[in-house]
Amino acid sequence: MSEHRYRVVAERSGDWWAISVPDLPGVFSQARRLDQVDAMAREAIALMLDVDETAVAVTIDPTLPPRTAAAVSEALSRRQARRDAEAREQEALRQAAGALAADGFTQRE
């Protein structure tokens, strides 16, 4: 079965997420929560194209207010910085263990 891929725009509208598909004019839906957008969008697209929902893949592009988008971006940036620091820490520990072993220290020491 061939897969149809679409970008889905989700924008907050009151208590709902308004869903649109730029490549398919006229395809709209809504969802209460962002985690429901995928299923609702695939259902709307499948209905429009007359295909099975499993043949539809979507990429959700949530539109957030600028302040919220900035806060999310900052949080994601800090998460990545933490992961990078952890990776550097692990490498430094590996090098230290190698140096200790090369100098004759045992694991117990």
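Nothing here was measured: the structure is a model prediction, and the numbers come from that model. Just the heavy atoms: all of them, side chains too, but no hydrogens, waters or symmetry mates, feed the values below.
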**Residues that, via side-chain heavy atoms closer than 4.5 angstrom, fall in one hydrophobic cluster with Leu93** =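 Leu93 clusters with nothing; isolated.
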Listed partners of [X] passing side-chain contact (heavy atoms from CB on, under 4.5 Å), at least two apart:
X	result
Phe105	Leu100, Asp103, Glu109
Ala57	Glu3, Arg5
Arg82	Arg79, Glu86
Arg12	Trp17

Could you see if [X] belongs to whatever hydrophobic cluster contains [Y]? Use Ile, Leu, Val, Met, Phe, Trp, Tyr and a side-chain cutoff under 4.5 Å.
X	Y	result
Met48	Val8	yes
Val27	Leu47	no
Ile19	Val9	no
Val56	Ile60	yes

**Request:** With sequence neighbours excluded, tell me which residues meet salt bridge (charged side-chain N to carboxylate O under 4.0 Å, His left out) with Glu89.
**Result:**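 Residues passing salt bridge (charged side-chain N to carboxylate O under 4.0 Å, His left out) with Glu89: none at all.
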**Item:** Atom pair CG/CZ of Leu24 and Arg7 - distance to nearest 0.5 Å
**Value:**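 Going from CG on Leu24 over to CZ on Arg7, the span is 12.0 Å.
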Under the side chain to side chain donor-acceptor pair (under 3.5 Å) rule, collect the residues that match up with [X], sequence neighbours excluded.
X	value
Asp15	none
Arg83	none
Asp23	none

**Asked** Tell me the salt bridge (charged side-chain N to carboxylate O under 4.0 Å, His left out) pairs involving residues 66-78, sequence neighbours left out?
**Response**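 As it turns out, the salt bridge (charged side-chain N to carboxylate O under 4.0 Å, His left out) pairs with a partner in residues 66-78, which skip direct neighbours, are Glu74-Arg78.
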**Asked** Do any pairs count as a side chain to side chain donor-acceptor pair (under 3.5 Å) and have a residue in residues 92-101, sequence neighbours left out, and if so which ones?
**Response**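 Listed by first then second residue: Glu91-Arg94, Glu91-Gln95.
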**Message:** Contact between His4 and Ile45 at the side-chain level, heavy atoms closer than 4.5 Å - yes or no?
**Reply:**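 No. Closest side-chain heavy atoms not under 4.5 Å.
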**Message:** Looking at every non-hydrogen atom in both residues, tell me the closest pair between Asp52 and Ala46 and how far apart they are.
**Reply:**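 Between these two residues, the closest heavy atoms are C-CB, 4.1 Å.
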With a cut-off of 3.5 Å and sequence neighbours excluded, list every side-chain donor-acceptor pair involving residues 28-38.
from, atom 1, to, atom 2, distance (Å)
Arg33, NE, Asp35, OD1, 3.0
Arg33, NH2, Asp35, OD1, 3.3
Arg33, NH2, Asp35, OD2, 3.2
Gln36, OE1, Arg32, N, 3.2
Gln36, OE1, Arg33, N, 3.1
Asp38, OD1, Arg42, NE, 2.8

